[in-house]
Amino acid sequence: MQTRRASHHVSAQTTVFCTAITLRTVVTKVWKDVFLGKLDIRLLVDSPELVHTERLKSVKMTLKKLTFVTGNPMKVSEVRAILGNANIEIVNQDLDVPELQGTTEEIAKEKCRRAAEILQGPCITEDTALCFEALNGLPGPYIKFFLKELGLEGLNTLLVGFPTTAAYALCTFAYSAGPGTEPILFEGRTDGKIVPPRGVSKFGWNPVFEVNGTGKTFAEMSEEEKNAISHRGRALEKLTAFLRTQAVQA
Ligand SMILES: O=c1[nH]c(=O)c2ncn([C@@H]3O[C@H](COP(=O)(O)OP(=O)(O)OP(=O)(O)O)[C@@H](O)[C@H]3O)c2[nH]1
Ligand SMILES: [Mg+2]
């Protein structure tokens with residue numbers, strides 16, 4: 001009787017001991033992976049049930065690298081700064097993808113579809129528009145050509161005689177999972193007004209776009225300040241949220 005109770009006691013002790021060792025091994029491995037950057041800590045919080053399954057490992061791999069097709073190095077630099085926080089590495093491909101004429105959405109979608117065909121793989125593209133309320137949204141996606149021909153002062157002159165200088169910056173990211181798949185769009189918008197140039201910037205129309213409620217043009221803001229409220233930052237927030245849901249479903 002006593003022998004049986006003793007052996008029962010020993011086996012219970014063994015179970016507790018083994019469970020503790022297993023738990024310790026799992027916890028150590030998870031934190032080691034977080035520390036080494038192999039595992040995004042946010043995935044642990046969002047979906048703890050996925051911890052250390054093969055699923056999560058492959059998800060992490062797909063999330064890690066993203067090809068951004070653009071010929072604009074300033075876009076690349078901002079996107080890297082913003083997505084660096086989400087632990088996504090941006091690989092830039094400067095492909096000559098023709099831009100269709102149409103709405104920002106149409107341009108972004110077609111640009112991405114063509115880029116995915118050329119790359120034969122997944123990618124993101126982005127189209128930015130600067131829209132003037134007084135001109136019913138123009139120049140919109142054609143701002144690049146207006147800026148080139150008219151310059152910063154010219155963008156102001158364009159609005160002389162109109163009752164408002166209100167404008168908004170619109171950024172549309174397109175994500176394609178690969179050739180033949182319909183690109184998905186993620187849009188971010190920042191409202192402001194067109195003002196005479198203030199601040200120093202290497203990026204296009206930053207000096208003439210004053211963001212509502214800040215009293216500052218994009219060119220007068222630090223990189224962090226701009227990224228936190230910019231059209232691009234807001235669009236990327238949506239893109240990263242989408243990539244996380246993809247991760248959970250993969
Ligand atoms: O001051 C700025 N702050 C910004 O945040 C910003 N984002 C874009 N732009 C400019 O607006 C036009 C968009 O045209 P866009 O989208 O076709 O770009 P792009 O042709 O330069 O590159 P891409 O089409 O290869 O990606 C181009 O002139 C860009 O330089 C910005 N200027
Ligand atoms: Mg372009």
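A search for salt bridge (Lys or Arg N to Asp or Glu O under 4.0 Å) contacts involving Lys111 returns Glu99, Asp127, not counting sequence neighbours. Listed by chain and residue number, Phe242 satisfy the ring-ring contact (aromatic ring centres under 6.0 Å, His included) test with Tyr175 (two or more places apart in sequence, or in another chain). Here Glu225 pairs with Lys216 under the salt bridge (Lys or Arg N to Asp or Glu O under 4.0 Å) rule; sequence neighbours left out. Applying the side-chain contact (heavy atoms from CB on, under 4.5 Å) criterion to Ala228, with sequence neighbours excluded, gives no partner residue. Checked against salt bridge (Lys or Arg N to Asp or Glu O under 4.0 Å), Asp94 has no partners two or more places apart in sequence or in another chain. Every side-chain contact (heavy atoms from CB on, under 4.5 Å) that Thr128 has, sequence neighbours left out, goes to Lys75, Glu126, Cys171, Trp205, His231, Arg232. Not a single salt bridge (Lys or Arg N to Asp or Glu O under 4.0 Å) links Arg80 to another residue, sequence neighbours left out. The side-chain contact (heavy atoms from CB on, under 4.5 Å) check on Glu237 picks up nothing, with sequence neighbours excluded. Residues forming a side-chain contact (heavy atoms from CB on, under 4.5 Å) with Ala115 (at least two apart in sequence, or on another chain): Val69, Val97, Cys123, Thr125.
Shortest non-hydrogen contact noted between Leu159 and Ala134 is CD2-CB, 3.9 Å. Minimum interatomic distance between Gln120 and Glu117 (heavy atoms only, all atoms of both residues): NE2-O, 2.9 Å. Closest non-hydrogen pair, Thr217 versus Pro207, comes out as CG2-O, 3.2 Å. Pairing each heavy atom of Pro98 with each of Asp96, the nearest pair is CD-O, 3.6 Å. In terms of heavy-atom proximity, Leu150 sits nearest to Leu155 at CB-N, 4.5 Å. Scanning both residues, Pro179 and Ala116, for their nearest heavy atoms gives CD-O, 3.7 Å.
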side-chain contact (heavy atoms from CB on, under 4.5 Å) between Glu78 and Phe203, intermediate numbers included = CA-CA 10 Å; Glu78 283 194 2; Phe203 209 168; 3.5 Å; yes

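In this structure, Ser230 OG and Asn206 CG are separated by 9.0 Å, a value rounded to the nearest 0.5 Å. With rounding to the nearest 0.5 Å, the separation of CD1 in Ile90 from CD1 in Ile82 is 10.0 Å. Between the NZ atom of Lys238 and the CG atom of Leu236 there is a distance of 11.0 Å, given to the nearest 0.5 Å. From Ile88, atom CD1 reaches atom NZ of Lys65 across 13.5 Å, with rounding to the nearest 0.5 Å. Here the straight-line distance linking atom CG of Asn72 with atom CG of Asn92 works out to 9.5 Å at 0.5 Å rounding. To the nearest 0.5 Å, the span separating OG1 on Thr67 from CD on Glu89 amounts to 9.5 Å.
Cluster partners of Val200 are absent, since no Ile, Leu, Val, Met, Phe, Trp or Tyr has side-chain heavy atoms less than 4.5 Å from it.
A continuous path of Ile, Leu, Val, Met, Phe, Trp and Tyr side chains, each step under 4.5 Å between heavy atoms, connects Phe162 with Leu158, placing both in one hydrophobic cluster. Residues Leu83 and Ile184 share a single hydrophobic cluster, defined by chaining ILVMFWY side chains whose heavy atoms lie under 4.5 Å apart. Phe186 and Leu243 end up in the same hydrophobic cluster when Ile, Leu, Val, Met, Phe, Trp and Tyr side chains are linked at under 4.5 Å. Both Ile194 and Met221 are members of a single hydrophobic cluster when ILVMFWY side chains are connected at heavy-atom separations under 4.5 Å. In the hydrophobic clustering of ILVMFWY residues, with side-chain heavy atoms under 4.5 Å counting as a link, Leu66 and Val79 come out together.
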Got a list of side-chain donor-acceptor pairs under 3.5 Å for residues 135-149, not counting sequence neighbours?
unit_1: Tyr142; atom_1: OH; unit_2: Gly102; atom_2: N; d: 2.9
unit_1: Tyr142; atom_1: OH; unit_2: Gly102; atom_2: O; d: 3.2

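Aromatic rings from Phe209 and Phe218 are positioned such that their centres are separated by under 6.0 Å.
Residues Leu100 and Arg114 are in side-chain contact: their nearest non-hydrogen atoms beyond the backbone lie under 4.5 Å apart. The shortest side-chain heavy-atom distance between Ile124 and Leu239 falls under the 4.5 Å cut-off. At a threshold of 4.5 Å between non-hydrogen side-chain atoms, the residues Glu210 and Arg198 count as touching. Residues Tyr168 and Thr190 fail the side-chain proximity criterion, which asks for heavy atoms closer than 4.5 Å. A heavy-atom distance below 4.5 Å is found between the side chains of Val195 and Lys193.
Within the structure, no pair that satisfies the side-chain hydrogen bond (donor to acceptor under 3.5 Å, both in side chains) test touches residues 150-165, not counting sequence neighbours.
Between Arg113 and Glu182 there is a salt bridge, with a side-chain nitrogen of the basic residue lying less than 4.0 Å from a carboxylate oxygen of the acidic one. Between Glu105 and Lys109, no side-chain nitrogen of the basic residue sits less than 4.0 Å from a carboxylate oxygen of the acidic one, so the salt-bridge criterion is not met.
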